[in-house]
Amino acid sequence: MPITDHQEQKPVKLRARNLDFSYGDKKVLDGISMDIFAEQATAIIGPSGCGKSTFLKCFNRIHEVSSEVRVAGDLEIDGVDIFRGGIHEVELRRRVGMVFQKPNPFPKSIYENVVFGPKLFGVRDRDILDGIAEESLRKAALWDEVKDRLKESAMSMSGGQQQRLCIARALAVNPEVLLMDEPCSALDPIATAKIEELIFELKKEFTVLMVTHNMQQAARVSDYTAFFWLGRLIEMGPTERIFTNPRDRMTEDYISGRFG
Amino acid sequence: MVRHFDSELQDLRDGLMAMAGQVEEMIDLSQAAVSEGSSGKAEEVKAMDRLVDEQELKLDQACIDLLALRSPIATDLRLIASSLKIIPEIERIGDHCCNIARRVPYIHPPILAGDALERLAGETRGMVRQAVDAFVNGNAELAREVIAADDKVDVLYVQIYKDLLRIMLADPLCIERASNLIIVIKNWERIADQATNIAEEVLFILEGVNVKHPYLHQPEG
Ligand SMILES: Nc1ncnc2c1ncn2[C@@H]1O[C@H](COP(=O)(O)OP(=O)(O)O)[C@@H](O)[C@H]1O
Ligand SMILES: [Mg+2]
């Protein structure tokens, strides 16, 4: 049984219960049970290949694209089942946005990148789209840097700006949850610091679930930290506790660099 | 995996051990100075204090460096944070020994019969030794024994204190020696408190629980 503890007043936004996940014969997630709280940032840490990305992707069902996948157990958002048709997948992906390791803007203008989602959902009114673009770019702490060059290609931006653009693009469809898979691993320290500050702001409004390989980053930005190992949740708790007094020996060894 | 960091942490432990060894010697020496009325030993105690102060500066810096350069977490963090609190406790023990040494010229010839002073000093020194052992060997049991022993020292202190009051009331010629002895025993009693503080830090390092001020964890009323 994993060690989990919290004294959280915020409601549970995402819930996993006995989640199993396999690619063919390979079991990648093994009985994960975990509560992720609204308006909190939860960091998942663990060695490569332990299933962190897979876990994240389950929450907006991106994994379905690939074949040979078997899933068991329950996954919920606001108490509504995610797997068994409780929510249409397009609606789920609007509510649960995702940001990847490598910034992946479309080869279009900055503006078009941000309004891509809203347009897909049928918003045509220019004024409304302009409003969404500005609001999303502001929330992504990018507006001041790009407001005079919205028509320029997103490809002309720095890596850190591109990543914040991807966050703005995710925010443009008014999501509730942001999944971030190692969002800073391709960025330099200054761009990383900007994203970390941004996560701090974003978690006031959204539920943030992120994967990071940087222990200090997990310590800096997350309220909860969950340690995964070989597809299992070993320990989850308030970040202060995990980093000062982990209860499981494996957690301790991993976060303090004794692993392996 | 063996970390370079582990050997740095071992250096820190060794440094604390050496510093503690120094003050243990000072306790012994100050006790001998008191019972023998030896001004030579009293001077020796005061001279040793300089070494303790130097060690304090060195170990403080080592802790700050480790915090800055190694970003310690979990057990590593607790060890370094607690060391930063244990170091001044040890340094204070050295100061108390000096306070005791300074009283040596004013306490002879002896006015207390029996071995109460030796017992107080011995008990106190034993607590310091055990607290340091508990730290070095990661022994929580021993740390708890130290915390429990503090009450014994307090009882012994009060008993000697009352004896000295009685002696002063009975014979005004003893007032100077008795009042100086009260300063001596107060300093030993403080050393026992310091040993208790160290033991509490050891429990924090080992178990991650702050055992200080237990009354704050009890429901009011
Ligand atoms: N599409 C896939 N097909 C088969 N195996 C996969 C696939 N994606 C990931 N895996 C395997 O699943 C395991 C977990 O991967 P992943 O969730 O990406 O781990 P993490 O993000 O913790 O590094 C790994 O062993 C990986 O090789
Ligand atoms: Mg991954």
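Computed from a predicted model, the values in this text were never measured in an experiment.
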Whether over 12 other heavy atoms sit under 6.0 Å from B/Leu216 CG: yes
A/Lys102 atom NZ, neighbour heavy-atom count above 12 within 6.0 Å: no
NZ (B/Lys152) with more than 12 external heavy atoms under 6.0 Å: no
CZ/A/Arg17: more than 12 non-hydrogen atoms of other groups inside 6.0 Å: yes
Exceeds 12 heavy-atom contacts within 6.0 angstrom, atom OH of B/Tyr161: no
Sorted by number, residues from residues 75-88 of chain B in contact with chain A (heavy atoms, under 4.5 Å): B/Thr75, B/Asp76, B/Leu77, B/Arg78
Over 12 foreign heavy atoms within 6.0 Å of CG, B/Asn137: yes
B/Arg13 atom CZ: more than 12 heavy-atom contacts under 6.0 Å: yes
Residues of residues 48-74 of chain B with any heavy atom under 4.5 Å of a heavy atom in chain A: B/Ser71, B/Ile73, B/Ala74
Over 12 foreign heavy atoms within 6.0 Å of CD, B/Gln10: yes
